[in-house]
Amino acid sequence: MSHKSKKVKTSEENGMSNLQTTLKETIKLEDGPNNPWTGSEYSSKYFDILSKRRELPVHVQREQFLKIFHENQIMVFVGETGSGKTTQIPQFVAMEYLALGLTDNQIACTQPRRVAAMSVAQRVSDEMDVTLGQQVGYNIRFDDKTSASTRLRYMTDGMLLREAMSDPDMSRYNCIILDEAHERTLATDILMCLLKMLAKKRPELKIIVMSATLDAEKFQTYFDNAPLLTVGGRTYPVEVFYTPEYQEDYLVSAVRTVLQIHKTEPAGSGDILVFLTGEDEIEKACEKVGLEVDQMIREDPKIGPLDIYPLYGSLPPQQQQKIFRNPQAGGRKVVFSTNIAETSLTIDGIVYVIDTGFSKQKVYNPRIRVESLLVSPISKASAMQRAGRAGRTRPGKCFRLYTQAAHKSELIEQSHPEILRANLSNTILELKKLGVDDLVHFDFIDPPAPETMMRALEELNYLGCLDDEGNLTELGRKCSLIPLDPTLAVTLIYSSEYGCCEQILSIVAMMSVPSPFVRPNNARKEADDAKSQFENTKSDHITLLNVYDEYEKQLELGKEAADKWAWNNYLSSRSLSTAKSVRYQLREVMKRQGHSITSTDRNESKFESRIKKALVRGFFMQVAYLISKRNYKTVKDNQEVLIHPSSGVTESPTFLLYNEFVLTTSNYIRTVTSVKASWLTEIAPRYYDVSTFGPNSGYLTSLLNRMGGKKGKK
DNA sequence: GAGCACTGC
């Protein structure tokens with residue numbers, strides 16, 4: 001308590017003259033010879049890095065930054081690409097606090113992605129000449145490289161949000177920096193709302209929102225006209241070209257443009273990056289360019305070789321690594337990529353960017369509760385980001401495969417933030433746990449559609465996580481502490497009672513990772529055959545359990561053996577090993593919450609029904625009933641659906657519970673399990689109260705009555 | 001008989 005009030009005074013007392021003194025002092029501290037963080041002498045490597053740091057654009061404005069930092073509680077900072085903001089700003093704050101003797105608390109710097117948090121923390125610990133995990137550390141899921149001496153903590157935004165749930169005052173920090181705020185991830189958005197409220201409660205807490213230029217004003221307004229500091233970047237100019245007319249087929253034009261560049265731009269002048277929307281398209285483009293470039297070289301042997309690489313998220317890591325190889329002498333490389341190369345991955349040497357103007361985007365329809373991926377036009381901000389990829393090492397060129405008029409009138413300024421496109425059940429539950437009671441008047445930066453909120457509240461109420469007044473129940477409180485969607489969290493918590501906790505742990509872990517089933521285009525039959533050995537014809541969930549159990553068995557022979565087994569059976573060992581980590585984390589939470597970790601044996605007659613009943617407890621709202629042959633109708637929304645062709649459920653059970661409703665070439669339900677009507681009416685009597693089903697539900701009502709009516713009998 | 005852009009706890 002006492003040191004908090006002292007801190008308030010310190011920052012208030014700091015006028016400009018005082019500030020210059022501290023800046024001089026901190027510079028002196030940085031100059032050595034001894035490292036104030038450790039007491040030991042600085043290494044020679046440190047001074048090499050220091051001189052480079054002092055050439056960064058942010059360094060020039062260090063004093064200006066500190067002045068605004070001291071005079072305001074909240075500030076917005078815009079640092080363009082190459083300004084050094086992510087590494088330097090947190091260090092400026094750390095040094096300032098050190099000079100002022102404010103070293104009891106920590107500085108947090110959030111990142112939307114784990115790799116960024118890890119790599120920046122490593123870089124900054126090198127710059128400060130300390131061991132990673134000591135004064136500088138990072139904290140991401142499954143990996144905490146921090147210690148009691150950590151002052152500067154890089155972390156994912158999701159991690160800080162999790163932390164806030166057990167400590168809403170975020171009391172261990174005296175400065176919180178939200179980096180890449182313009183990306184508007186769900187976690188960053190919620191953190192901004194929380195910090196705005198927390199700022200009033202903790203006047204000594206400093207908040208810095210770091211963002212791209214376009215969004216700065218929006219954040220300034222949101223934070224009651226917080227001051228802005230802009231620092232230029234260090235990139236090279238990129239010349240942008242548009243097509244004179246609309247392109248019928250962007251894939252064809254992309255291929256043509258690649259060949260054109262390769263043919264006409266000087267050999268060795270730089271590599272090409274092409275933005276496409278998905279795996280199929282990318283593989284197709286690679287094949288096409290491969291064939292045509294061979295032809296081109298045959299006709300004109302003076303043309304150099306072209307190395308072609310695909311790049312997308314589901315590609316195995318060693319394949320992804322290939323994009324960093326140097327091109328052959330006298331040649332160049334071309335990378336066909338999804339959006340992954342827009343922010344997550346940076347390839348050096350790119351000089352030409354080809355932008356199709358499209359990407360796959362998730363859209364959520366709250367009315368029928370369906371999420372789908374649609375190929376949609378990108379935003380202007382995205383287009384700018386893509387173009388910027390060409391100017392990292394030297395001046396570049398960006399070829400936009402659409403007209404300038406289309407860019408001007410058809411692209412929206414910025415992509416819609418995630419909060420406007422997602423199912424919010426999880427977020428609402430988190431907010432409730434964070435103590436936000438009045439969601440209607442909650443100060444969102446962009447408030448989600450009322451219908452999305454209503455859907456989420458309704459779902460949480462049916463699940464028993466919120467009571468009829470919208471208050472968090474005991475179940476809701478427990479679910480909010482489990483890193484899963486509420487449906488899965490409820491299933492998991494009840495699995496303890498249904499005597500199948502170990503099994504549900506495996507199933508929900510498998511459902512939280514990318515599908516473990518690999519299906520290469522040239523070995524579909526083999527992959528399907530391999531999958532069939534695990535398949536349960538009435539439950540895809542149990543199929544997942546079968547795969548996981550077998551993986552665990554293989555792991556007893558060693559990691560290498562298990563990976564080899566996975567490979568031979570067309571399974572992704574990356575997914576499987578992530579599932580194992582997730583499972584471990586969930587099991588720990590379950591133990592901590594006092595649930596008994598029950599288990600059921602495969603030889604028991606109730607093995608499958610226990611698992612299925614637990615699933616019904618979380619998924620009773622996601623059930624479809626058979627209307628003819630393979631055609632189903634969803635209970636709640638009366639949508640006609642088909643079982644997804646990837647399902648191993650070959651029979652046509654009357655009632656099916658499903659994990660996902662996906663809209664692609666048809667309406668599909670994916671990851672399904674047969675359930676008994678009697679379980680539905682027993683486990684969710686309020687939801688399956690036939691008297692409330694309405695006039696058009698005669699058939700469903702009769703099904704439920706006929707098949708669920710005989711309570712107590714099997 | 002079809003598809004999974006990307007991220008996070």
Side-chain angles (χ1 to χ4, degrees), chain A residues 110-117 139-144 155-166 180 183-191 275-283 311-315 337-345 356 358-363 371-376 378 382 385 415 417-418 421-422 426-427 429-430 433 479-486 488-489 508-509 512-521 524-525 527-528 572 575 578 581-582 585-586 588-589 630 642-648 650 660 662-671:
Chain A
T110 67
Q111 298 293 323
R113 281 170 294 278
R114 301 161 51 155
V115 265
N139 191 188
I140 61 178
R141 191 184 192 182
F142 307 132
D143 197 0
D144 182 1
M155 64 205 302
T156 47
D157 49 9
M159 199 73 213
L160 183 59
L161 193 57
R162 275 278 144 196
E163 254 188 44
M165 288 168 64
S166 49
E180 315 290 358
E183 290 197 25
R184 302 292 305 277
T185 64
L186 250 174
T188 299
D189 257 30
I190 301 298
L191 282 170
F275 285 102
L276 293 170
T277 67
E279 175 176 343
D280 271 6
E281 227 173 62
I282 288 168
E283 294 294 350
L311 175 64
Y312 43 85
S314 57
L315 214 55
S337 172
T338 61
N339 252 359
I340 194 169
E342 198 178 294
T343 46
S344 305
L345 255 167
T356 55
F358 289 95
S359 72
K360 276 191 189 167
Q361 288 162 36
K362 192 189 250 168
V363 277
E371 285 183 342
S372 36
L373 272 177
L374 286 181
V375 172
S376 333
I378 59 170
S382 246
Q385 175 73 16
S415 319
E418 201 181 352
R421 291 181 291 122
N426 211 1
T427 307
L429 193 63
E430 282 170 1
K433 178 67 181 69
C479 286
S480 72
L481 297 172
I482 297 178
L484 288 172
D485 274 341
L488 289 169
V508 297
S512 319
V513 300
S515 168
F517 301 108
V518 181
R519 201 162 180 261
N521 277 336
R524 290 187 187 172
K525 173 85 172 62
D528 290 348
S572 152
S575 283
T578 314
S581 310
V582 173
Q585 189 190 27
L586 295 173
E588 289 300 301
V589 178
R630 296 286 279 173
L642 295 168
I643 303 177
H644 196 275
S646 66
S647 172
T650 47
E660 274 181 300
V662 288
L663 177 68
T664 49
T665 46
S666 251
N667 288 341
Y668 288 111
I669 47 176
R670 193 157 54 189
T671 316

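Proteins come first, then strands; the chains are lettered A, B, ... in the order of their sequence lines, and each starts at number 1.
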* To do: Please work out if A/R113 contacts a base, only the sugar-phosphate, or nothing of the nucleic acid, heavy-atom cut-off 4.0 Å.
  => sugar-phosphate
* Just do the side chain to side chain donor-acceptor pair (under 3.5 Å) check on A/Q361 and A/R421 with the steps written out, would you? => CA-CA 9 Å; A/Q361 288 162 36; A/R421 291 181 291 122; 5.8 Å; no
* Under 4.0 Å between any heavy atoms, over every strand shown, what does A/I140 touch: base, sugar-phosphate, or nothing? Just pick one. => sugar-phosphate
* Donor-acceptor pair, side chain of A/S480 and main chain of A/K433, under 3.5 angstrom -> no
* A/I282 and A/L311: side chain to side chain contact (heavy atoms under 4.5 Å, CB included), yes or no, with the steps? -> CA-CA 8 Å; A/I282 288 168; A/L311 175 64; over 6 Å; no
* Can you name the side-chain contact (heavy atoms from CB on, under 4.5 Å) partners of A/S382, sequence neighbours left out? -> A/E342, A/I378, A/S379, A/S415
* For A/Y668, which residues count as a ring pair (Phe, Tyr, Trp, His ring centres under 6.0 Å) partner, sequence neighbours excluded? -> A/H644
* Just call it for A/S666: base, sugar-phosphate, or nothing, with non-hydrogen atoms closer than 4.0 Å on any strand. => nothing
* To do: Give one of base, sugar-phosphate or nothing for A/R114, where a contact means two heavy atoms less than 4.0 Å apart.
  => sugar-phosphate
* Asked: A/S512 side chain to A/V508 main-chain N or O, any donor-acceptor pair under 3.5 Å?
  -> yes
* Asked: With a 4.0 Å cut-off on heavy atoms, is A/S359 in touch with a base, just the backbone sugar-phosphate, or nothing at all?
  -> nothing
* Structure fact -> Heavy-atom nearest nucleotide on DNA chain B taken for A/E430 and for A/R670; more 5' hit belongs to A/R670
* Which part of the nucleic acid does A/T156 contact within heavy-atom distance under 4.0 Å: base, sugar-phosphate only, or nothing? -> sugar-phosphate
* To do: Using chain A heavy atoms and a threshold of under 4.0 Å, write down where along DNA chain B the contacts begin and end, 5' to 3'.
  => B/dG1 to B/dC9
* To do: Give one of base, sugar-phosphate or nothing for A/E279, where a contact means two heavy atoms less than 4.0 Å apart.
  => sugar-phosphate
